[in-house]
Amino acid sequence: MEAFQFLDNIGKGSFAKVYKVLRKADQKVFVAKEMEYGRMSEKEKQQLVNEVNILRELKHPNIIKYYDRIVDKQTQKLYIIMEYCEGGDLAQFLKKLKKDKEYLPEESVWKIFSQIVQALCEIHRRQNKILHRDIKPANIFLDKTVKLGDFGLARMLNINSEFAHTQVGTPYYMSPELIEEHKYNEKSDIWACGCLLYEMCSLQPPFQAQNYLSLAMKIKSAQYDNIPQQYTSEMKRVISWCLSVNQDQRPSVDDLLNLPRISIRLREKR
Ligand SMILES: CNC(=O)c1c(C)[nH]c(/C=C2\C(=O)Nc3ccc(Cl)cc32)c1C
């Protein structure tokens, strides 16, 4: 990593440390996601190769850009060099709003959501369909546009990925089918989008509990409190639609793109 100067440790990605770094050659700022592969199992190493292969293929304004990967054989560390987003992640942003007792204006919720739906459209529509599998505020980054990042748990649909992957943190966005240990599929990403939409309105996830069992019960029955009354019935409807326990009843990415509050934005972009 001689080509880079480490500036700050700015957080943790999935199974990794995240640094703000400066490329010495042109003084440009990037993020380096550092992973120690020396202690990884063969499966985890394959998962790492998989993340890099996914990232390098994706080029979209609403997906974190991949620039390079650097292997340091001496320290047995892999660095993934990605774009830096000055605004940080959405989780911190929502946490500050909650602390300041402020809600996100509905217009801002739709603006963020429409960009994540466009990112999802990009990864789901590909020939080798990609599932993000970890959509949550901590994996959404704020810059001139909103960007979906940290594909640490992502999978190409054609790769038979066992259900059990080491879950880091509480699985607030886990879907009913995942609790039943059915295969993760694109509708599981849609469930996570429903949780994201809910959390942007309520500043907390739809499903919370003191332990995994009661969390699982709430998720399986889609039992959640109403969002604050200042949000429209359309917002409530879309959240309820994404949080359909039966995945066949959930919207597709195209259904979400065709929502009036999202399609109007896409027309304005053209
Ligand atoms: C306090 N946090 C920050 O200031 C912050 C900022 C300004 N950027 C980030 C994080 C990322 C960032 O800016 N780009 C990223 C690409 C991939 C991953 Cl896993 C993380 C990031 C963070 C955590």
Side-chain angles (χ1 to χ4, degrees), residues 1 3-23 26-37 40 44-45 47-72 77-100 102 104 108 111-112 115-116 118-120 122-123 130-155 165-173 189 192 196 199-200 203:
M1 280 288 280
F4 292 88
Q5 177 189 344
F6 283 78
L7 299 177
D8 296 310
N9 178 339
I10 53 177
K12 287 186 181 308
S14 40
F15 320 111
K17 288 180 188 154
V18 179
Y19 295 95
K20 179 179 178 181
V21 296
L22 184 74
R23 187 161 61 187
D26 57 7
Q27 299 296 294
K28 283 195 175 164
V29 175
F30 295 88
V31 152
K33 182 176 167 186
E34 176 193 83
M35 287 155 282
E36 292 188 46
Y37 63 82
M40 283 185 174
E44 285 166 337
K45 284 177 191 166
Q47 190 173 322
L48 198 49
V49 169
N50 172 49
E51 177 184 355
V52 174
N53 291 339
I54 286 176
L55 268 176
R56 68 191 330 167
E57 279 190 35
L58 295 172
K59 290 178 175 43
H60 187 275
N62 300 118
I63 293 175
I64 284 283
K65 272 186 194 62
Y66 162 93
Y67 286 93
D68 199 357
R69 80 187 181 324
I70 298 165
V71 178
D72 184 332
K77 286 178 180 176
L78 169 77
Y79 295 90
I80 302 178
I81 308 298
M82 294 176 277
E83 77 176 298
Y84 177 75
C85 297
E86 189 66 47
D89 66 60
L90 182 62
Q92 293 151 8
F93 181 67
L94 296 179
K95 192 174 170 186
K96 185 176 184 319
L97 283 176
K98 187 166 189 171
K99 179 171 161 286
D100 299 344
E102 287 175 37
L104 203 48
S108 306
K111 186 175 178 182
I112 294 168
Q115 294 178 71
I116 295 307
Q118 289 172 72
L120 217 48
E122 175 64 17
I123 66 173
I130 294 167
L131 306 176
H132 187 278
R133 298 175 22 127
D134 202 16
I135 294 167
K136 60 184 178 183
N139 288 341
I140 292 170
F141 302 95
L142 307 174
D143 204 40
K144 296 179 189 63
T145 61
V146 173
K147 297 171 187 278
L148 183 59
D150 204 349
F151 285 67
L153 298 179
R155 284 284 178 286
H165 60 260
T166 36
Q167 178 70 38
V168 180
T170 308
Y172 289 114
Y173 285 22
D189 274 345
L196 174 72
E199 186 160 357
M200 285 197 282
L203 304 179

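In listed order, ligands and their atoms are each counted from 1.
- Contact annotation for Ile10 and ligand 1: heavy atoms of both the backbone and the side chain come within less than 4.0 Å of the ligand.
- A donor-acceptor pair is defined here as one N or O able to donate and one able to accept, closer than 3.5 Å; such a pair exists between the side chain of Lys147 and the backbone of Pro61.
- Taking a cut-off of under 4.0 Å to the non-hydrogen atoms of Gly88, the atoms of ligand 1 that pass are 5 (C), 6 (C), 7 (C), 8 (N).
- For the side-chain contact (heavy atoms from CB on, under 4.5 Å) with Ile116, the qualifying choice from Leu196, Leu90, Asn139 is Leu196, the only one to do so.
- Counting only N and O atoms by type, the side chains of Glu199 and Tyr172 include no donor and acceptor under 3.5 Å apart.
- The side-chain contact (heavy atoms from CB on, under 4.5 Å) with Tyr79 is formed by just one residue from the set Asp68, Asp72, Val21; it is Asp72.
- The minimum heavy-atom distance between Ile64 and Leu55, with the atom names listed, is O-CD2, 4.2 Å.
- Distances below 4.0 Å separate heavy atoms of Phe141 from the following atoms of ligand 1: 10 (C), 11 (C), 18 (C), 20 (C), 21 (C).
- Residue contact check: Cys85 has heavy atoms under 4.0 Å from atoms 6 (C), 7 (C), 8 (N), 12 (C), 13 (O), 14 (N) of ligand 1.
- Checking only distances, Glu83 does come within under 3.5 Å of ligand 1, N or O to N or O.
- Residue Ile64 has at least one heavy-atom neighbour below 4.0 Å for each of these atoms of ligand 1: 16 (C).
- Of the listed options Lys17, Gln92, Met82, Lys20, Gln92 places a heavy atom closest to atom 2 (N) of ligand 1.
- Under the 4.5 Å side-chain criterion, counting only non-hydrogen atoms from C-beta, Phe141 is not in contact with Val31.
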